[in-house]
Number of protein chains: 2
Amino acid sequence: MTVIFSKKCELALQAVLFLSIKKDQIIFSSQEVSNEIKVPKEFVSKMLQTLTDSGIIGSKKGKNGGFYLARRPSKIKLIEIVEAIDGLSVFKNCVLGFPNCSSEHPCPVHDKWGKIRDDAFKMLSEETLEQLKEKTVKKITSL
Amino acid sequence: MTVIFSKKCELALQAVLFLSIKKDQIIFSSQEVSNEIKVPKEFVSKMLQTLTDSGIIGSKKGKNGGFYLARRPSKIKLIEIVEAIDGLSVFKNCVLGFPNCSSEHPCPVHDKWGKIRDDAFKMLSEETLEQLKEKTVKKITSL
DNA sequence: TCGTTTTCAGATTATTTATTCTTATTTAAT
DNA sequence: ATTAAATAAGAATAAATAATCTGAAAACGA
């Protein structure tokens with residue numbers, strides 16, 4: 001099987017998008033996030049912990065605790081979540097897996113892939129969660 | 001970690017490209033392929049077996065046996081190798097991992113990703129191994 | 001025919017990723 | 001203070017993928 005992002009990263013993207021459609025800094029328990037994105041709460045919790053480490057998510061312990069966006073949706077881009085979980089290697093490595101793929105020693109699809117890779121990076125870098133909000137609401141409510 | 005294609009698929013692409021730069025139907029042992037693309041010969045052998053099953057590669061047993069392109073390089077496209085090893089799910093599934101992502105229920109990056117995904121598919125579908133030959137030679141000799 | 005080489009197929013091992021479970025700690029409410 | 005609810009942390013398990021090994025069968029050459 002083949003993926004662009006790891007499962008953990010996909011779920012992180014989904015969870016962060018979910019958190020971004022609510023009012024700023026509202027706290028949700030892992031149980032609530034779990035219900036919304038349909039994933040076991042233990043996994044949600046583990047995954048949000050990772051994002052907490054990288055400062056995108058904040059957490060509050062104890063009763064009525066939970067997770068919340070640490071920064072405003074207008075300040076967060078999807079690429080940050082990808083970077084925090086999977087890193088940016090997909091945007092660096094040769095798509096055919098050749099070692100030392102570069103403009104000096106390009107693989108047969110080096111230039112074409114370069115263009116596509118940059119487009120993908122842009123897609124995740126240009127819009128903030130705030131700008132994606134309307135689309136996100138529509139998608140989440142359809143789940 | 002994150003990949004577009006599985007390791008097996010990457011190596012399959014490399015191996016097939018390598019075979020395409022030689023004269024038609026020349027046989028190479030897994031050992032020779034192994035030397036060229038710098039990968040353990042057992043792994044090469046396993047991977048080429050899979051391609052043999054799907055008819056892209058032919059094999060010959062016994063002494064002086066080995067693997068060869070079953071069809072002419074002018075008749076083979078990279079996407080066929082991807083399909084044989086990893087399948088085409090990357091080109092179908094939602095990049096954010098949302099279930100049921102479609103034009104009725106698009107994820108926040110549905111349209112943009114659709115464009116990129118199609119470009120990537122094109123990249124692998126448009127040129128034949130024959131057309132990539134010159135670039136392939138340059139790359140392989142640099143390894 | 002016999003021996004050698006080499007693929008083939010399947011079993012095995014190792015590694016990575018995904019998922020679940022358990023325990024401890026924190027916090028809020030009573 | 002005590003209790004209940006929640007995360008944090010890390011261990012444990014499961015599953016998928018990557019990589020290696022082994023024995024059998026096939027093909028060639030002498």
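Computed from heavy atoms alone, side chains included, the values below leave out hydrogens, waters and symmetry copies. A, B, ... follow the sequence lines: proteins, then strands. Residue 1 opens every chain.
- Partners of B/Gln14 by side chain to side chain contact (heavy atoms under 4.5 Å, CB included), not counting sequence neighbours, listed by chain and number: A/Phe98, B/Leu11, B/Ile37.
- Summarising the geometry, the separation between CG on B/Leu51 and P on C/dT7 is reported as 15 Å, rounded to the nearest angstrom.
- Remark: A/Glu36 pairs with A/Phe18, A/Ile140 by the side chain to side chain contact (heavy atoms under 4.5 Å, CB included) rule, at least two apart or across chains.
- Atom CG of B/Asp53 and atom P of C/dT7 are 15 Å apart (whole Å).
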Within the sub-3.5 Å range, which N or O atoms of nucleotides 10-14 of chain D have a protein N or O partner, and how far apart are they?
unit_1, atom_1, unit_2, atom_2, d
D/dG10, N7, A/Lys46, NZ, 3.1

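- Here A/Lys22 does not pair with A/Glu32 in a salt bridge; the nearest charged N to carboxylate O distance is not below 4.0 Å.
- Counting to the nearest Å, the P atom of D/dA5 and the NZ atom of A/Lys41 are 13 Å from each other.
- When distances are taken from the side chain of A/Lys7 to each of C/dA18, C/dT20, D/dA19, the shortest belongs to C/dA18.
- Per the geometry, CD belonging to A/Gln31 stands 8 Å off P belonging to D/dA6, to the nearest Å.
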Contacts under 3.5 angstrom, residues 41-53 of chain A side chains, donor-acceptor by atom type, not counting sequence neighbours:
unit_1, atom_1, unit_2, atom_2, d
A/Thr50, OG1, A/Lys8, NZ, 3.2
A/Thr50, OG1, A/Lys46, O, 3.3
A/Thr52, OG1, A/Leu48, O, 2.7

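- Applying the ring pair (Phe, Tyr, Trp, His ring centres under 6.0 Å) definition to pairs two or more places apart or across chains, none involves residues 57-77 of chain A.
- The interatomic distance linking B/Met47 (CE) with C/dA9 (P) rounds to 16 Å, in whole Å.
- In this structure, the CD atom of B/Glu42 is 15 Å from the P atom of C/dA14, given to the nearest Å.
- Listed by chain and number, the residues in a side chain to side chain contact (heavy atoms under 4.5 Å, CB included) with A/Lys63 amount to none (sequence neighbours excluded).
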Atom pairs under 3.5 Å: protein N/O with N/O of nucleotides 25-30 of chain D:
unit_1, atom_1, unit_2, atom_2, d
D/dC28, OP1, B/Lys60, NZ, 3.2

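- In terms of heavy-atom proximity, A/Ser20 sits nearest to A/Pro73 at O-CG, 3.9 Å.
- Regarding B/Asp86, its CG atom lies at a distance of 13 Å from the C1' atom of D/dA16, rounded to whole Å.
- Applying the side chain to side chain contact (heavy atoms under 4.5 Å, CB included) criterion to A/Asn100, with sequence neighbours excluded, gives A/Ser102, A/His105.
- For residues 97-115 of chain A, the pairs satisfying salt bridge (Lys or Arg N to Asp or Glu O under 4.0 Å) are A/Lys112-B/Glu127, A/Lys115-A/Asp119, with sequence neighbours left out.
- Straight-line distance from the CG atom of A/Leu48 to the P atom of D/dA9: 13 Å, rounded to whole Å.
- Note on B/Ser30: a side-chain N or O is less than 4.0 Å away from OP1 or OP2 of C/dT7.
- Using a 4.0 Å heavy-atom distance criterion, A/Ser45 is classed as making no nucleic acid contact.
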